[in-house]
Structure formats: C-alpha cells, structure tokens
Trainee: 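This is the structure I want to talk about, given as structure tokens.
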Amino acid sequence: MEKHELVIIGGSAGGLQAAMCAQKHHGLKDIMVIRIEEKVMVPCGIPYIYGTLGEVEKNIMPDKLLGEAKPKIGEAISIDRKNKTVKMKDGDEIGYNKLVIATGSTPMKPPVPGMDKKNVWFAWKNTDYLQELIKAIEGVGDIVVIGGGFIGLEFADECRKRGHKITVVELLEHCLQLVCTTDLCIRAEDSLKATGVNIITGNGVKSINGTEKAESVTLQNGEEIKCDMVIVGIGVVPNTKLAKDAGLEIGPTGGIKVDEFQRTNDPDIFAVGDCAEKYSFYNGTPVPVRLASVATREGKIAAANLFAPQWRNIGTIGVFSTILGDTAMAMAGLTDVNAQKLGYDVIIGEAEAASKHPGTLPDARPMRVRLAFDRRSGKLLGGCACCTHTVGEVSNMIATAIVNEMTMEQIAMCPIGTHPFLTASPLAYQFTDAASNALHKAKKRVEVA
Ligand SMILES: Cc1cc2nc3c(=O)[nH]c(=O)nc-3n(C[C@H](O)[C@H](O)[C@H](O)COP(=O)(O)OP(=O)(O)OC[C@H]3O[C@@H](n4cnc5c(N)ncnc54)[C@H](O)[C@@H]3O)c2cc1C
C-alpha cells in the first residue's frame, strides 16, 4: 500500500488550492490529489461553454497547477480513520499522514415531477456530462431555465447568445434575491429582458411534462410553457457521504463541521470548499455560502494548518460578481435585508460617477457604488457596485474593508489613486464618496487627530 504525507480528496478549487499551498507553505512534495474526473472543469466557467467559449475543452483547469503533487483519477469510497487509509473504488488503498477532504458539491434536484425526463440538465462539474449537454443543445429551440440565481441567469444569458429562446422561472419575487439588493436584482432582470430573455418571477415549476423528453413545464399558477430543454440551477448539496460514513461530524447547513483552522473532529483530517460548513463573519452562525473563492481561501488555510494551527478562518462573507447582457454587477457581504435581519440599524451611502474622467473619454460609463454601514459602530457591513467591468475588483475592495472592520470615516478618508482612462475622477471616486455620503447622512464629523 502506498502512503503519502498529504492526501487530498477533490481536485477542483478547494483541493487544488490546498495542494498548491501545502507545497509553498511547508515545501511538501509527497502529495496525492484524488479526483473522479480525468480533466477538471473551471467550475465558474461552465455556463460560458454554451455561448462565449463554445467548447468544453476551453474550460479546463491545467494540471500544471498541481506542481509536484500527483493526481490519482478514481473514486474514493471510504476513509478508515483508525488505519489512516482511503479506499478507492478500484480496490486500491492509499495511506495518509494528513487528509484534506475537498469533495465539493453536486447540483440540487428539486422534488418536481418530471425532473428525470430526457433533456432536463443540471450544472454538473463533469467534463463528459457537459460535453453531452453541448451535443444535446444543438438544434434545440426553446429552453426553460429553472432558478434565477447567478448560475441560472448566466446559463440563460449564454444560451440566448446561441439564438435559443429562453424563459427563466424563479420562485422568489426577484432573480438574485438571496444575494443582491433589490435595485441590482431589477437591473439584472431588465438587462436580460432587453436581450429577449423572458423572466417569470414569484412562480415555481409544478411539473415538467412530456412523454420521454421535456416538452413543457407547468408553473404553480397553472401556466404552461413549451420547451425543448430544461436547465436546472437552483443550488447545490455538499458531498459529505465519505465524511459521514467515516464518523466525521456534519453541521446544520449540511457541510462537514470544521473549526476556525478547517480541522474536522479528527485532528488529522481537514475539510474545505463546498463540502465544508461555513460560519458567518458577522456572528459565527452557520451560513450556506458555497463559492469557488471561498473554497480556495479555505484550501490555503487548511494547508497552512496541517501540522500546527497557523492561519485562522475569520469567517465567511459572500463576495460575487457577474455580467448579464451588458450589465456587470458585484456584491460583497450583507444585503440591507440580511443586515436588518441580524439586528443592525443600517445606514446607506451611495455614489455614482463616470468610470473614466473626463466622462467624454471613449467607453466611459456610469459606475455606482452603494455601501451599507452599521449606524451604531459605523462599520461597513456590505456593498454592491454596478455596472462597469471593473465592479468585480470594487466588490473585492468592499470585502477587504468589511473583514478589516473599516468604518465609514476610514473608508471616506482612504487614500486612492486615479487615472483618466482607468478610474473615476478623484473628485467623484465612487467607493470613498459612497462612504462620505453615509457619513454626511449620519451627520458625523471626521475626527481631526
Ligand atoms: C455553473 C456554476 C458557476 C459558478 N460560478 C461561480 C463564480 O462565478 N464564482 C464563484 O466563486 N463560484 C462559482 N461557482 C461555485 C463554485 O463552482 C464552487 O463553489 C466550487 O467549485 C467549489 O469547489 P470545491 O473544490 O469545493 O468543489 P467541486 O468544485 O465541487 O469539486 C469537487 C472535487 O471533488 C472530487 N470528488 C468528489 N467526490 C469524490 C470522491 N468520492 N472520490 C474522489 N474525488 C471526489 C471531484 O471529482 C472534484 O474534483 C459556480 C458553480 C457552478 C456550478
């Protein structure tokens, strides 16, 4: 039986990052990364296969990222904690000194009649399955997308670029409602509608109909929508069977329970990414945030802590960005609604200005930043940005300010650099101006040292 210093089950965002960091941090060379798939998908790139990229092969994570870690392709079927081994489906046994579980998640299948019909597809992160979807989508006319979260909307937007007629069905009042403020949700919906996508909100799918294949969906209000294909994007379920069977504890949102160092209840086993439980940065309660950026951060933390606690996970906030039609948007931390649910008295600061200065420069577009602060402490709780291509970096800046507990005063006074082609004017820089706006509203004064 072969034995390795570090074995990682899972070769996607969380597992790969753990392998990379274990090499950089500890100089570890004896690492095995077990994964089911021969080629690993860039998970966030999956919707773009069906429009902009056009091919599965253009959405592969390069194995060179593994460095000196060795990949093993196959399915792990059990973990023997006493003997510190992983059993593979092909009968192999692999010994470990330290084990990282990064088994990720699989698409959620809602209990709706007709879900098993042919031509009902999910966002499986599997090359062969996604290749089959490429073939299946050829020649298809109308597509119904179930779920108006960012995965569903990105699929909708990419498929409409191929000329399909798309209807998105979302159960909640708005698409993206769980992660965005209402104004951004409406912008996202309007942007897609402007490209011809039909969006139905506040209505669920009651059944998928057809003899063998999906031919229509019936909505909860009785309306029937004809279709040739259904794509379901309503969320994911953490893959925890291996961990559960091995007696590792599972948390309230269904992820493997971990401490602030990503350790499970076995000191030699860590868990990271979609399969691991997350805890809110704001109050430490379990939160179901499952993102690649979160998975990679946890991969780094687990790798650093393999032999002794070194890096602490200070808690999770959701940070995400997307582009739908020609509208880019990004969000970090709490929405106003979620902040109020946690008991914060929220004060909003807003600023909008041209993305370049002067605003007459080619491609200058209005960019708006909206920040939500806690009135009592002045600390930043969340924020969003819309609608230029730089908003992804703005939400990362917002996230940095949140986890460093920056106040409206500190953000308003932040040093910034500007350039006509690259940023807004220093007279109207959106991030610091939104904080100033909140500060004026709060009628606070910047203290002079
Ligand atoms: C369509 C789509 C778009 C997305 N877009 C974004 C985005 O824009 N930004 C963002 O931050 N997040 C995005 N996400 C979420 C992101 O993909 C996940 O959070 C991320 O993939 C989680 O990484 P992971 O390593 O934890 O798990 P996964 O990516 O789920 O990988 C799990 C790995 O474990 C392996 N594995 C599982 N079970 C076994 C076993 N028994 N034996 C051996 N190997 C096993 C699999 O083979 C795989 O390698 C998107 C997700 C989807 C589906």
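Along the sequence shown, the residues carry numbers beginning at 1. Ligands are counted one by one from 1 in listed order, and the atoms in each one are counted from 1 as well.
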Trainee: In terms of residue, atom name and distance, what is the protein heavy atom nearest to atom 46 (C) of ligand 1?
Mentor: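 It is Glu37 OE1, 3.5 Å.
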Trainee: Kindly indicate, with the supporting measurements, whether the criterion salt bridge (Lys or Arg N to Asp or Glu O under 4.0 Å) is fulfilled by Arg81 and Asp266.
Mentor: CA-CA 8 Å; Arg81 285 169 53 200; Asp266 181 321; 2.9 Å; yes
Trainee: Suppose I only count heavy atoms of Gly273 and a 4.0 Å limit; which atoms of ligand 1 are within that range?
Mentor: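 Taking each heavy atom of Gly273 in turn, ligand 1 has 26 (O) under 4.0 Å.
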Trainee: I need the nearest protein heavy-atom contact for atom 7 (C) of ligand 1: residue, atom name and distance, please.
Mentor: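 Ranking protein heavy atoms by distance from atom 7 (C) of ligand 1, first comes Cys44 SG, 3.2 Å.
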Trainee: Please report the interatomic distance CG(Asp190) to SG(Cys175), rounded to the nearest 0.5 Å.
Mentor: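 If I round to the nearest 0.5 Å, the distance is 10.5 Å.
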Trainee: Polar contacts were defined as any N/O atom of the residue lying under 3.5 Å from an N/O atom of the ligand; does this apply to Ala76 and ligand 1?
Mentor: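 It does: an N or O of Ala76 is found under 3.5 Å from an N or O of ligand 1.
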Trainee: Please name the residue in the list Val144, Asp142, Thr167 that meets the side-chain contact (heavy atoms from CB on, under 4.5 Å) test with Asn198.
Mentor: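 Passing option: Thr167.
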Trainee: Test salt bridge (Lys or Arg N to Asp or Glu O under 4.0 Å) on Asp63 and Lys70 and set out the steps.
Mentor: CA-CA 10 Å; Asp63 263 353; Lys70 303 272 176 307; over 6 Å; no
Trainee: Strictly under 4.0 Å, does any heavy atom of Gly299 approach an atom of ligand 1?
Mentor: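 Contact absent.
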Trainee: Determine, considering heavy atoms only, which of Gly15, Ala102, Gly392 sits nearest to atom 33 (C) of ligand 1.
Mentor: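 The nearest heavy atom belongs to Ala102.
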Trainee: Please work out, at 4.0 Å between heavy atoms, whether the side chain, the backbone, both, or neither of Phe320 comes within that distance of ligand 1.
Mentor: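 Near ligand 1, Phe320 shows nothing, with every heavy atom at 4.0 Å or more.
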Trainee: Output yes when Glu298 and Lys278 qualify as a salt bridge under the 4.0 Å nitrogen-oxygen rule, no when they do not.
Mentor: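 Salt bridge present between Glu298 and Lys278.
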Trainee: Ser12 to ligand 1: N or O pair under 3.5 Å?
Mentor: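 Yes - when backbone and side-chain N and O of Ser12 are compared with those of ligand 1, one distance drops under 3.5 Å.
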Trainee: Evaluate salt bridge (Lys or Arg N to Asp or Glu O under 4.0 Å) for Lys39 paired with Glu57, printing each intermediate quantity in order.
Mentor: CA-CA 9 Å; Lys39 294 178 183 177; Glu57 285 297 321; 3.1 Å; yes
Trainee: Mind checking whether Pro47 has an N or O less than 3.5 Å away from an N or O of ligand 1?
Mentor: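 No; every N/O pair is 3.5 Å or more apart.
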Trainee: Starting from atom 12 (N) of ligand 1, what is the nearest protein heavy atom, named by residue and atom, and what distance separates them?
Mentor: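 Closest protein heavy atom to atom 12 (N) of ligand 1: Ala292 N, 3.1 Å.
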Trainee: Evaluating non-hydrogen atoms only, which member of Thr103, Val86, Val42 is closest to atom 38 (N) of ligand 1?
Mentor: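 Looking at heavy atoms only, Thr103 sits closest to atom 38 (N) of ligand 1.
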Trainee: Mind checking whether Glu75 contacts ligand 1 via backbone (N, CA, C, O), side chain (CB onward), both or neither, at a 4.0 Å heavy-atom cut-off?
Mentor: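 The answer is both.
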Trainee: Check the side chains of Thr388 and Ser355 for a donor-acceptor pair under 3.5 angstrom, ignoring hydrogens and angles.
Mentor: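 Distance-only check fails for Ser355 and Thr388.
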Trainee: Output, in order, the C-alpha distance, side-chain angles, deciding distance and verdict of salt bridge (Lys or Arg N to Asp or Glu O under 4.0 Å) for Glu405 and Lys379.
Mentor: CA-CA 6 Å; Glu405 304 192 71; Lys379 285 180 190 170; 2.8 Å; yes
Trainee: Should Ala13 be counted as touching ligand 1, given the test is an N or O pair under 3.5 Å?
Mentor: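 Right, the criterion is met.
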Trainee: For Ile34, counting its heavy atoms only, list the atoms of ligand 1 lying under 4.0 Å from any of them.
Mentor: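 Near Ile34, the atoms of ligand 1 are 43 (C), 44 (N).
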Trainee: If you draw a 6.0 Å radius around CZ in Phe421, do more than 12 non-hydrogen atoms from other residues or ligands fall strictly inside?
Mentor: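 For Phe421, atom CZ is not crowded (no more than 12 foreign heavy atoms under 6.0 Å).
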Trainee: Please check if the number of heavy atoms outside Gln310 that lie under 6.0 Å from its CD is greater than 12.
Mentor: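 Check passes, neighbour count above 12.
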Trainee: Counting from 1, what ligand 1 atoms have a heavy atom of Leu242 closer than 4.0 Å?
Mentor: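 What qualifies from ligand 1 is 41 (N).
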Trainee: Does an N or O from Gly14, backbone or side chain, lie closer than 3.5 Å to an N or O of ligand 1?
Mentor: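 Indeed, backbone or side chain, Gly14 has an N or O that close.
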Trainee: So for ligand 1, is Ile9 a polar contact partner (N or O within less than 3.5 Å, distance only)?
Mentor: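 N/O-N/O distance below 3.5 Å does not exist for this pair.
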Trainee: Atoms of ligand 1 less than 4.0 Å from Gly104 heavy atoms?
Mentor: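 Matching atoms, with element in brackets: 26 (O), 27 (O), 28 (P), 30 (O), 32 (C).
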Trainee: Do Glu249 and Lys244 sit within salt-bridge range, that is, some charged N less than 4.0 Å from a carboxylate O?
Mentor: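 Lys244 and Glu249: not salt-bridged.
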Trainee: Could you find the nearest protein heavy atom to atom 18 (C) of ligand 1 and give me its residue, atom name and distance?
Mentor: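 Going atom by atom, the protein heavy atom closest to atom 18 (C) of ligand 1 ends up being Asp274 OD2, 3.3 Å.
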Trainee: Under 3.5 Å, is there a donor-acceptor pair between the Glu158 and Thr52 side chains?
Mentor: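 A donor-acceptor contact under 3.5 Å links the two side chains.
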Trainee: Before signing off on this row, confirm whether Ile151 and ligand 1 have an N or O atom pair separated by under 3.5 Å.
Mentor: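 By distance alone, the answer is no.
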Trainee: Test side-chain hydrogen bond (donor to acceptor under 3.5 Å, both in side chains) on Thr322 and Glu154 and set out the steps.
Mentor: CA-CA 8 Å; Thr322 191; Glu154 287 171 1; 2.6 Å; yes
Trainee: Just checking, any donor-acceptor pair under 3.5 angstrom between side chains of Ser105 and Asp274?
Mentor: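 Distance-only check passes for Ser105 and Asp274.
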Trainee: For Ser293, take its heavy atoms, then give the atoms of ligand 1 lying under 4.0 Å from any of them.
Mentor: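 Answer, ordered by atom number: 11 (O).
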Trainee: Around atom 43 (C) of ligand 1, find the nearest protein heavy atom and jot down its residue, atom name and distance.
Mentor: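 Protein heavy atom with the smallest distance to atom 43 (C) of ligand 1: Gly74 O, 3.4 Å.
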Trainee: Can an N or O of Lys125 be found at a distance shorter than 3.5 Å from an N or O of ligand 1?
Mentor: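 Yes; the residue has a nitrogen or oxygen that sits under 3.5 Å from a nitrogen or oxygen of the ligand.
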Trainee: Taking NZ in Lys72 as the centre, count heavy atoms belonging to other residues, nucleotides or ligands within less than 6.0 Å. Is the count above 12?
Mentor: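 It does: Lys72 NZ has more than 12 such atoms within range.
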Trainee: How close does the nearest protein non-hydrogen atom get to atom 35 (C) of ligand 1, and which residue and atom is it?
Mentor: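 Of every protein heavy atom, Gly10 CA, 3.6 Å lies nearest to atom 35 (C) of ligand 1.
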Trainee: Any heavy atom of Val40 sitting closer than 4.0 Å to ligand 1?
Mentor: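 In this structure, Val40 fails to qualify as a contact of ligand 1 - no heavy atom is under 4.0 Å.
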Trainee: What are the two closest heavy atoms between Ser395 and Phe320, and how far apart are they?
Mentor: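 Looks like OG-O, 4.3 Å.
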Trainee: Indicate whether any N or O donor in one side chain lies under 3.5 Å from an N or O acceptor in the other, for Arg312 and Asn305.
Mentor: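 Side-chain D/A pair, Arg312 to Asn305: absent.
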Trainee: Looking only at distances, please establish whether an N/O atom of ligand 1 is found under 3.5 Å from an N/O atom of Ser105.
Mentor: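 Ser105 vs ligand 1: N/O contact under 3.5 Å present.
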Trainee: Out of Ser78, Gly318, Gly235, Pro43, whose heavy atom is nearest to atom 21 (O) of ligand 1?
Mentor: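 Checking each option, the heavy atom nearest atom 21 (O) of ligand 1 is found in Pro43.
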Trainee: For atom 39 (C) of ligand 1, which protein heavy atom lies nearest, and how many Å away is it?
Mentor: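 Of every protein heavy atom, Ile36 CD1, 3.6 Å lies nearest to atom 39 (C) of ligand 1.
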Trainee: Any nitrogen or oxygen of Gly11, side chain or backbone, less than 3.5 Å from one on ligand 1?
Mentor: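 Between Gly11 and ligand 1 (N or O atoms, distance only) the closest approach is under 3.5 Å.
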